[in-house]
Amino acid sequence: MRVERRSLEERVRLIVERLLEWYRDEPWWRREKAEPLRVMLSILLSNRSNRRVVRRVVAELLERYPRLEDMLGDPDGVRKALQPLGLAALRARAVLGLARLLAETGGVESFLGLPAEEARRRLLTIPGVGEKTADVLLMALWDADVFPVDTHIARIASRLGLVEPGARPEQVRRLLEPLIPRGLRARAHLAMIQLGREVCRPRRPRCSECPLRGLCSFPRGTEAG
DNA sequence: ATCCCGACTG
DNA sequence: CAGTCTGGAT
């Protein structure tokens, strides 16, 4: 049992090493850290939605409501602005929940000044914000050393054989988070997301272009091209 | 397990 | 046209 655990740990270490060689970008939120509201909204709305549409909608929201508190008087306008994303009613609840939270806390800067634990607790009170989204927010704005697992990462972990097929994201996170070296978790998260989008796609994975070739026994996908 | 729901890709 | 998009709540 001890041997198995050590080998798993070693595999994860190698995988992360390869991933970080392959993905050298700095976290996108570092460039936008001067605009925490943009970061928050982007993360809040990123679930199950197209990135370009998210960028567009977030830009529009910020232009119309430079201070999120201004949204509170215009819930209808907020919902309308969110229409292109789909799930507009749900997302409006989340965005307005964030606006309310910031207002209650005395503005963004005060909120960002909260200890991560407290911020997390409050973020989870926002309807539509669960553990995963809360962790991504903490990772981006509090430099929390966490490893949020989404559908991409769960799929990759399963294909790598790190977890059993069909494992839930939360299970995958509990297993992998402690195995990823401290300080590398945010970048490992981003690298795996990127890998999931471009290479280890849900369908027709591009195994021949994968930086994890040799560390993975997933059946070589029938790459159409 | 199922629903939420629009844009975008092949 | 079907599948997918950094899930969450019921």
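All chains are named by letter (A, B, ...) in the order of the sequence lines, taking the proteins before the strands, and each is independently numbered beginning at 1. Because only heavy atoms are used, hydrogens play no part in the values below, and waters and symmetry mates are left out as well, while side chains stay in.
Atom CZ in Arg173(A) sits about 15 Å away from atom C1' in dG7(C), given to the nearest Å. A straight line from CG of Leu44(A) to P of dA9(C) spans 11 Å, rounded to a whole angstrom.
Distance check: Arg187(A) CZ to Asp25(A) CG gives 9.0 Å after rounding to the nearest 0.5 Å. In this structure, Met192(A) CE and Arg197(A) CZ are separated by 13.5 Å, a value rounded to the nearest 0.5 Å.
Using a 4.0 Å cutoff on non-hydrogen atoms, no part of residues 135-156 of chain A comes near DNA chain B.
Side-chain atoms of Ser42(A) come within 3.5 Å of backbone N or O of Arg38(A) as a donor-acceptor pair. Put simply, the side chain of Glu104(A) never gets that close to the backbone of Leu101(A): no donor and acceptor are under 3.5 Å apart. For Trp142(A) (side chain) and Leu114(A) (main-chain N/O), a donor-acceptor pair under 3.5 Å exists by modelled atom type.
Contact annotation: Arg51(A) does not reach the phosphate of dC5(C) (side-chain N/O to OP1 or OP2, under 4.0 Å).
Only the P atoms considered, dT6(C) is 23 Å distant from dC3(B), to the nearest whole Å.
Listed by chain and residue number, Leu45(A), Ser49(A), Leu82(A), Leu85(A), Leu87(A) satisfy the side chain to side chain contact (heavy atoms under 4.5 Å, CB included) test with Arg91(A) (two or more places apart in sequence, or in another chain).
Along DNA chain C, the nucleotide nearest to Val129(A) and the one nearest to Ser46(A) differ in position, and the one closer to the 5' end is contacted by Ser46(A).
Using a 4.0 Å heavy-atom cutoff across all strands shown, Arg203(A) reaches sugar-phosphate atoms only and no base atom.
Relative to the ring axis of Phe218(A), Arg159(A) places its NZ or CZ within 45° and under 6.0 Å from the centre.
Leu137(A) and Trp28(A) fall within the same hydrophobic cluster, defined by Ile, Leu, Val, Met, Phe, Trp and Tyr side-chain heavy atoms under 4.5 Å apart, directly or through other members.
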Under 4.0 Å protein heavy-atom contacts per nucleotide of nucleotides 3-10 of chain B, with B for base, S for backbone only and - for none: -BBBSSSS

